[in-house]
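Throughout, a chain's letter reflects where its sequence line sits, starting with A, and its residues are numbered from 1.
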Amino acid sequence: MSAIYDPQGVEQAAQTLWREAKSFEVEESAAGENFYCLAMFPYPSGKLHMGHVRTYTLGDVINRYQRLKGFNVMMPMGWDAFGLPAENAAIKNKVPPAEWTRSNIQYMKGQMQRLGFGIDWSRELATCDPDYYRWEQWFFTKLFEKGLVYRKSAVVNWDPVDQTVLANEQVVDGKGWRSGVPVERREMDQWFVKITDYADELLNMLDELPGWPESVKSMQRNWIGKSAGVDINFPVIDGDEVLTVYTTRPDTLLGATYVAVAPQHPLAERAALLSTEVAEFIEACKNTKTAEAEMATMEKIGIETAARVEHPLTGEALPVWVANFVLMEYGSGAVMSVPGHDQRDWEFATKYGLPIKQVIEPAGNESCDIEKAAFTAYGKLVNSGEFDGQTSELAFESIATALVAKGRGERKINFRLRDWGVSRQRYWGCPIPMIHCDACGIVPVPDKDLPVVLPEDVAFEGVGSPLTTLDSFLNTRCPSCGGEARRETDTFDTFMESSWYYARFASPNSNKPMLDERVNNWAPVNHYVGGIEHAILHLLYARLYYKLLRDAGMVDSDEPFTRLLMLGMVLQNGKKMSKSAGDAGDPQHLLEMYGADAVRTAMMFAAPPDQSFEWNDAGVDGQAKFFRRLWKLVHEHTDLGPVVDLERTDLTAAAKDLRHKTYSTLERADDDFDRRLQFNTVVSGVHELVNAISRFQATTDQDHAVVHEALKIAVLVLSPIAPHITQALWSELGESTLLIDSSWPEVDTDALVRETVELIVQVNGKVRGRIEVNLEADEGAIRTMALENENVARFIEDKTVHKVIVVAGKLVNLVVR
RNA sequence: GCCCGGGUGGUGAAAUUGGUAGACACAAGGGACUUAAAAUCCCUCGGCUUUACGGCCGUGCCGGUUCGAGUCCGGCCCCGGGCACCA
């Protein structure tokens, strides 16, 4: 074989070997336990970017490592093919979304193949294929039958010029990104999935996911936001309705000085009929985005109405305000305001000159000045009549009890989690399989008529969805009465498709049912890899969907992803790469110049997986240099001819040192690959080992045998990260089977045994010297040696040693005064 | 604003359970080889200080716990991700 490293030739040769051996086309029941390794499938945005390279290289490293560990690993790939960027590209380039998407898939697939990922392409799917989405439609009709989906009104960002609903990212400074006119909040009837029915299970099962990062579980817990509180009724004075508010702080009830309702609340709408100012205020509130971040940071404004409600305990009349920060779709659309003990209410009351009443005082000696800020902590009740002197905790109970007794309230468990809105008023998505009939109402499309195919040969102009005007799609017959009817023109949120694709991979091409029994050979996914930006929404919806599949009898476990690796972002100018800004960082030129192994290794070496970092091309050159050195080193070794068997008892000290380095590298890499999931240190470990081999002066046959052993282990350890060059070197080292079909070597524990160990000697915690001690040396001997050290002696003369701390194998600390 | 992360040399980072801060690389500078360049190899590389041995300081900022803190605790600053229609 050539003495010059040629990445293009080496990589093509290795890929040919894998293709001919069908190395990655997994068999259902091959030898070894099944292991499902999955990296989040990409949106086909055009070209791969460095974020993709990172995600799929990490997935492939796990894939190849677990294969060496003896598992029958499946790593499939597919395309999250519906979505907004295809519509934007269609407007910009006059290319139909379907055509644009399919050509992107083809290009990106070629790039993935060039990168040498060990993917089972026989299971490939694209979510825009009717064979895929028909089952999503079918399942939705089943959920409809079970009462798990329903319609309700929800607000959207409406662009009055483009006559289109805008995504939050399409609203810039309150204006439509293309039209430039202010967007309006508009209510529309939409489809929802009842994720709240599963809120408790989604919360509780997080405790049974030890393979998930704590940070992600914590984010999901906070998102679900289970809280215990009280629904309190405030009867409207001179009216027959009752305003119900939810609070987690009933202990502050006596401090409520007003109530606030959402601008869309019926009470607000009624007030608008009586006052033009209220009507104008409500109109003005329509000009805010629907995003929560917007709601939280915008200026809090409100207007008083003529309505009054009765305080449920004191009977006092409280004013009703309309406020822009109260959400109609969250809770009952009304809140009680306690300015003394809630900072937002305090600011609002201060702004409008509303009374601020202190009803909680600090229980300890904290300071509290209600004039300057709200006191939001728990404490002791004051100005609360019969409840005075109780702690907040006790008052929570006693006030709740009093309200329940008077029929003025109910204890309630509340969730922050809202039902999942799955309707999108867009063209490039999966059609929602429902039919609107004037006579029968809403009727699901029957099984025999599925799939409802999305017409692909349409003109897409960016004003409204073509589905709403395309007669051939729109007009149909009612499955129930046979009369004229219209199809639903909304399509699904693309999180629908990504909520079950992992299950479909395990049951490819199943025609009936949606998933067959093969799914349980693989699901749940053993190791799921993806970006931290998916920590809440995608993972929560996928968890929900898996439970829905379970309850429909299709999968036999509770959670879809056993172990989760959340990757930090690959940043571009300090920010996440975005589809809308045009993904940058195409690896193509690097692949052509340095090859896949150098790109993969540089990416793994750059940072540990969970860390975000800014990609820099410069590292690739360094890895290419390292591969040239390794290539030369192996060939210089093999040029010396066959090696003899290793005689472990007959080695020089230097040879023993090299064997120690070899096996400590192996042991550490094993831990890094499996438990720690930190691959940058695997690369640096191999660098160190290769440096040690280079420095080693091999003279005897035994020395050559030790080098051979070290090179083989270096090649094996590096192989999940740089699979092509290691395959070539593996065969150069005389191995006839494919490296990918080999197995992870055992650690020779004898090689790790050391007779002496270096300890550092500290005086008052500062390093002052080093001593070489026998492994069996006792504390007394170590102490004597430490005190005898020349530099150490300088720091302890004319002082008394008060204490000696010996940490085995590490250090001695002499505490002197 | 709220929730979750992060901040260590010129740069990417390492330090796994509280025990040698800066491994391994990149960049830079110096040298060898060469007619020259590329490639390759060798040396230096946190700051200050010392003829040298060595010493002092140093992990975003302030304070605490400890024999010992990059690591633990309290408070702050800055950066990133998410916030329900980007995926």
Side-chain angles (χ1 to χ4, degrees), chain A residues 40 42-43 45 80 82-85 88 154 156-157 165-171 213-216 218-223 225 290-298 329 343-344 417-421 423-426 493-495 498 531-538 540-541 566 568-569 571 574-576 578-581 602 605-608 610-616 618-619 621-623 625-626 628-629 632 668 671-672 675-676 678 680-681 683-688 691 758-768 770 790-791 794 802-805 807 810-811 813-816:
Chain A
M40 291 178 185
Y43 178 79
S45 52
D80 191 11
F82 279 133
L84 204 48
N88 297 334
V156 294
N157 301 307
V165 174
L166 298 179
N168 283 328
E169 73 155 12
Q170 296 176 309
V171 182
E214 276 309 318
S215 58
V216 174
S218 178
M219 280 189 256
Q220 294 218 346
R221 279 188 198 103
N222 292 331
W223 185 262
T290 56
E292 191 196 69
E294 191 84 0
M295 300 295 282
T297 51
M298 70 186 174
E329 52 270 29
Q343 190 56 26
R344 186 185 63 191
L417 181 68
R418 308 201 294 258
D419 274 338
W420 177 15
S423 294
R424 295 293 181 269
Q425 295 72 36
R426 307 202 187 288
D493 174 11
T494 56
F495 278 129
S498 57
I532 185 67
E533 72 273 23
H534 294 296
I536 297 178
L537 293 179
H538 162 61
L540 195 65
Y541 295 143
M566 289 269 93
M569 310 291 303
L571 304 174
K575 295 260 182 276
K576 165 182 159 173
S578 68
K579 317 262 176 291
S580 49
F605 186 55
D610 57 0
Q611 188 165 312
S612 296
F613 73 101
E614 184 99 12
W615 170 255
N616 186 340
D621 190 57
Q623 291 308 324
K625 196 160 91 183
F626 168 72
R628 284 193 292 269
R629 273 181 58 212
K632 211 171 112 198
R668 194 179 146 152
D671 193 37
D672 283 346
R675 180 181 66 86
R676 292 220 303 160
Q678 186 174 283
N680 53 332
T681 46
V683 178
S684 64
V686 174
H687 283 162
E688 284 187 45
N691 289 346
E758 189 187 66
L759 301 185
I760 60 144
V761 184
Q762 298 181 331
V763 179
N764 290 340
K766 286 184 197 274
V767 182
R768 299 301 181 188
R770 281 147 219 280
E790 206 179 317
N791 199 44
R794 292 174 36 194
H802 284 266
K803 203 170 165 187
V804 179
I805 291 153
V807 180
K810 292 241 164 102
L811 59 79
N813 189 13
L814 306 169
V815 184
V816 303

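- Contact between the side-chain N/O atoms of A:N222 and the OP1/OP2 oxygens of B:rC83 is not found at any separation under 4.0 Å.
- Looking at the side chain of A:A291, the nearest of the listed nucleotides B:rA87, B:rA84, B:rC86 is B:rA84.
- Comparing the same atom, C1', in B:rA37 and in B:rA32 gives a spacing of 16 Å after rounding to whole Å.
- If you take atom P in B:rC73 and the same atom in B:rC79, they sit 24 Å apart, rounded to whole Å.
- With B:rC4, B:rA25, B:rA84 as the candidates, the nucleotide lying closest to the side chain of A:H687 is B:rA25.
- B:rA38 and B:rA23 are spaced 28 Å apart, taking the P atom of each and rounding to whole Å.
- In this model, the phosphate group of B:rA13 is approached by a side-chain N or O of A:Q611 to a distance below 4.0 Å at OP1 or OP2.
- Taking a pair to require two hydrogen-bonding distances under 3.5 Å in either a Watson-Crick or a G-U wobble arrangement, B:rC33 remains unpaired.
- The base of B:rU40 is not paired with the side chain of A:R629 by any donor and acceptor separated by under 3.5 Å.
- For B:rC67, the base has a donor-acceptor partner in the side chain of A:N813 [N/O atoms by modelled type, under 3.5 angstrom].
- Distance check on atom C1': B:rU51 versus B:rU59 gives 32 Å, rounded to whole Å.
- Classified by its glycosidic torsion, B:rG9 falls in the syn category, the angle being within 90° of 0.
- The side chain of A:L811 lies closest to B:rG19 when the candidates are B:rG19, B:rG1, B:rC85.
- In this structure, B:rG1 and B:rC83 make a Watson-Crick or G-U wobble pair, each of the two defining distances being under 3.5 angstrom.
- The same atom, P, is picked in B:rA27 and in B:rG64; the two are 43 Å apart, to the nearest Å.
- Contacts of A:L417 with the nucleic acid, taken as non-hydrogen atoms under 4.0 Å apart, include base atoms.
- In this structure, CZ of A:F613 is placed 15 Å from P of B:rG81, rounded to the nearest angstrom.
- Counting distance only, with no hydrogens placed and no angle test, the side-chain atoms of A:R770 and the base atoms of B:rU20 include a donor-acceptor pair under 3.5 Å.
- Residue-to-nucleotide proximity on RNA chain B shows that, of A:M219 and A:K810, the 5′-proximal contact is made by A:M219.
- Mapped onto RNA chain B by nearest heavy atom, A:G685 and A:K766 fall at different nucleotides, with A:G685 at the one closer to the 5' end.
- Distance check on atom C1': B:rG70 versus B:rG54 gives 25 Å, rounded to whole Å.
- With both ends at atom P, the span from B:rA25 to B:rC45 equals 16 Å, rounded to whole Å.
- Of the candidates B:rG82, B:rC56, B:rC86, the closest approach to any side-chain atom of A:R768 belongs to B:rC56.
- To the nearest 0.5 Å, atom CG of residue A:D493 and atom CH2 of residue A:W420 are 6.0 Å apart.
- Side chain of A:A618, nearest nucleotide from B:rC26, B:rC83, B:rC86: B:rC26.
- Looking at heavy-atom distances under 4.0 Å, A:G83 makes contact with sugar-phosphate atoms alone, never a base.
- Nucleic acid contact class of A:V156 (heavy atoms, under 4.0 Å, all strands): base.
- If you take atom P in B:rG29 and the same atom in B:rA39, they sit 14 Å apart, rounded to whole Å.
- Within the 4.0 angstrom heavy-atom criterion, no nucleotide atom of any strand lies near A:F626.
- Closest heavy-atom contact between A:S612 and A:M569: OG-N, 2.9 Å.
- In the set B:rA15, B:rC86, B:rA25, B:rA25 carries the atom at the smallest distance from any side-chain atom of A:N691.
- For A:Q425 and B:rC85, a side-chain-to-base donor-acceptor distance below 3.5 Å is present, hydrogens and geometry of angles not being considered.
- Proximity note for A:A167 (side chain, C-beta onward) versus B:rA21, B:rC85, B:rA39: the nearest is B:rC85.
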